[in-house]
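Remember, it's 1-based here, ligands and their atoms both numbered in the order they're listed.
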Amino acid sequence: MVFIIEILKKIPLFDGLEETDLKKISEVVKERALPTGTVLFKEGEKGDCFYLLKNGTVDVFKKDGDSDKKVTSISHNDESSFFGEMALIEGAPRNATIKTATECDVLEIDKVNFDMLLRLNSFIALRIMTALTKRFRSESEGAKEEAKVGKIITVFSPKGGSGKTVFAANLAAGIAKHTENKVLLVDLDLQFGDMAFMLGLKAKRTIAEMVDDNVEDAESFKKYLVSHSMGFEVLASPFKPEQSEMVNSNHLRRLIKIAQSIFDYIVIDTHSLFQDLTINALDISDLICLLMSPDMNHIKSMHMCLKVMETLKYPSEKIRLILNREESMYAKPKADIETALKRKFDFSLHDDWKHASDLVNDQKTVFDSNTPSQYRTDFIQCISGLTGEKIEGSDPSLLKTIKGWFGN
Ligand SMILES: Nc1ncnc2c1ncn2[C@@H]1O[C@H](COP(=O)(O)OP(=O)(O)O)[C@@H](O)[C@H]1O
Ligand SMILES: [Mg+2]
C-alpha cells in the first residue's frame, strides 16, 4: 500500500491530494501480472484504464505509416513509471501503443472504479479538478509562448571598436521603424556596456536585477525593459561591472527564451571576447553579424574568428560578414579583404563619422531623422537583407536572394 501511495504522489493528476486521499485511491487499484509481449492498449483506442508499473519494462510504440515504430521504453524505476492517466478523466483516445517488453507487474485503476470513488468523495474530486485546471492553464500559457518564436541576431566582432554597438542600436531602430516587428535590443556587454546611455535612455532595472529576481514569465520580463521612442525595447547591461558575474549562460538562455515569446527580433550586442556567455549567445542565434573594419588588425582577427566559427560548427548561412567603415582613410580595398578571408562580405556600411557618431555624441540613431545619407541607405540594405523585409529604398533583387534565410 505504501508503495502504491509513493507512486501516486509522482503523478501530476494527483498533485495537491493529501495522503488520506491517496490512500483511498490506492484502495481501488488492482494488481495484475502480465507475461512478456502483452499489449496493454493500442494507439487510437478509447482509454478506460490507468496503469502504474510496479515491476518490469514496457515498450511504447507510435504509428509510422502502416507499421508501429518503437519510440521509447518505460521501466518500473523510471521517474514517470505510469501511463494513461488522462483516461481516468476524459476517456481520451490513447496516443501510443504499450506492450510489455519483460514480465511485468502493473497496478491498474479503471475508470468505473475511479468515478465511483470521485462520486463518494467530493473532496478528492474537487482537489483533482483544481489540479487539472492549473495544469490546463499552464499548458495553454506554454502554447501561447511557443506560438511566437522571435529571431535572434547577435552582433559580434573579434576586435573592440569595430562599431558593434552603433550597428546593433541602428539595426534595432531600423527594424522597429521600417517594419511591423517588435524588437528587443539586449546589451550583453555586461561589464562596460553603455547601450542605454548611448540611446539616451534611463534604465531603472537591468539584466542583473532580472536574474536576481528570478524572472520567469513574459509579463514580469517586460517590467525590466526600457522603451525607446522609435518603438523598440532595451534590456540594459548591469549598472556596476561586478554585477556582470551574476549572469550565467543558463540565465541567458532562459531569458532569451522568454524574450522570444514576446518579440519578433532580439538583437544582441556583445563584447569582443569568446567567453562562455558570448558563445552561448552565438549558439542560440539565428544569425550572427560579424563586423570588421578594413584594416590589417581586423583582417587578421577576423580570419581567426571565422576559423573559430567553423570549430563551433556554425553553418556558414548563419553568419553574415559585414564590412564597417568602407572607404575610410587608409582602408584596405574590399576586394583584397575578401581574397584574404576567402569569403565575400554580405553587407557593407560606408565610413561616416558624422552619422555614426550621432549615437555616441548626441544619443541619436540614424533613423531618428529622415535625412538621406549613404550610411543610412547602407543600413536599409543591410536590415532588409537580414530580415527579408521589404523596406522603402531597399533593392528588391536583393530581397529575392535572402527570402528563405529565415524560412519565410
Ligand atoms: N561606419 C562608421 N563610420 C565612422 N565611424 C564609425 C562607424 N561605425 C562606428 N563608428 C565609430 O566607431 C567607434 C566605435 O563604435 P562602437 O559601436 O562603440 O564599437 P564597439 O561596440 O565594436 O566597440 C564609435 O566612435 C563610432 O562612432
Ligand atoms: Mg560596444
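- In this pair, Tyr375 and Phe379 present their aromatic rings perpendicular. The plane angle is above 60°, beyond the 30 to 60° band.
- Given atom 16 (P) of ligand 1, the protein heavy atom at minimum distance is Gly163 CA, 3.7 Å.
- For ligand 1 and Asp351, the ligand atoms under 4.0 Å from any heavy atom of the residue are 3 (N), 4 (C).
- By the 4.0 Å N-to-carboxylate-O rule, Lys354 lies too far from Asp351 to be salt-bridged with it.
- Looking from atom 24 (C) of ligand 1 to the surrounding protein, the closest heavy atom is Val360 CG2, 3.9 Å.
- For Thr165, the nearest N, O or S atom to the Mg ion (ligand 2) falls under 2.8 Å.
- Among protein heavy atoms, the minimum distance from atom 21 (O) of ligand 1 is reached at Thr165 OG1, 2.8 Å.
- The shortest heavy-atom distance from Gly161 to ligand 1 is under 4.0 Å.
- Remark: minimum distance from atom 11 (C) of ligand 1 to any protein heavy atom is reached at Arg325 NH1, 4.4 Å.
- For ligand 1, none of its N or O atoms has an N or O atom of Asp269 under 3.5 Å away.
- Within the 4.0 Å heavy-atom cutoff, His350 counts among the residues contacting ligand 1.
- By the side-chain contact (heavy atoms from CB on, under 4.5 Å) test, Asn214 pairs with Glu216, Arg254, sequence neighbours left out.
- Between Arg205 and Phe239 the shortest heavy-atom distance is N-CZ, 4.2 Å.
- Applying the side-chain contact (heavy atoms from CB on, under 4.5 Å) test between Thr270 and each of Asp187, Asp189, Thr154 identifies Thr154 as the sole match.
- Neither the backbone nor the side chain of Leu359 comes within contact range of ligand 1; no heavy atom lies under 4.0 Å.
- A salt bridge links Glu108 with Arg32; the closest basic N to acidic carboxylate O contact falls under 4.0 Å.
- For atom 13 (C) of ligand 1, the protein comes within 4.0 Å by no heavy atom at all.
- Ion pairing between a basic and an acidic side chain is recognised when a charged N comes within 4.0 Å of a carboxylate O; Lys222 and Glu219 show such pairing.
- Which parts of ligand 1 touch Tyr375 is read off a 4.0 Å heavy-atom cut-off, strictly below it: atoms 1 (N).
- Remark: Arg320 CZ to Leu290 CG distance equals 10.5 Å, nearest 0.5 Å.
- Note on ligand 1: Leu349 sits outside its first shell, no heavy atom being nearer than 4.0 Å.
- Remark: ligand 1 and Val166 share an N or O pair separated by less than 3.5 Å (distance only, no angle test).
- Between Asp264 and Lys182 there is no salt bridge, since none of the side-chain N atoms of the basic residue sits less than 4.0 Å from a carboxylate O of the acidic one.
- The residues Glu19 and Lys9 are annotated as salt-bridged, a charged nitrogen and a carboxylate oxygen being separated by less than 4.0 angstrom.
- Contacts between Phe167 and ligand 1 below 4.0 angstrom, taking non-hydrogen atoms only, are absent altogether.
- Of the protein's non-hydrogen atoms, Ala356 CB, 3.8 Å is the one closest to atom 10 (N) of ligand 1.
- Asp352 N, 2.9 Å is the protein heavy atom nearest to atom 3 (N) of ligand 1.
- Under a 4.0 Å criterion applied to the non-hydrogen atoms of Lys164, ligand 1 contributes the atoms 17 (O), 19 (O), 20 (P), 21 (O), 22 (O), 23 (O).
- With respect to Lys344 and Glu338, a salt bridge is recorded, a charged nitrogen being found less than 4.0 Å from a carboxylate O.
- The nearest protein atom to atom 8 (N) of ligand 1, hydrogens excluded, is given as Asn324 ND2, 3.0 Å; this is a heavy-atom distance.
- The number of heavy atoms from other shown groups lying within 6.0 Å of CZ (Phe197) does not exceed 12.
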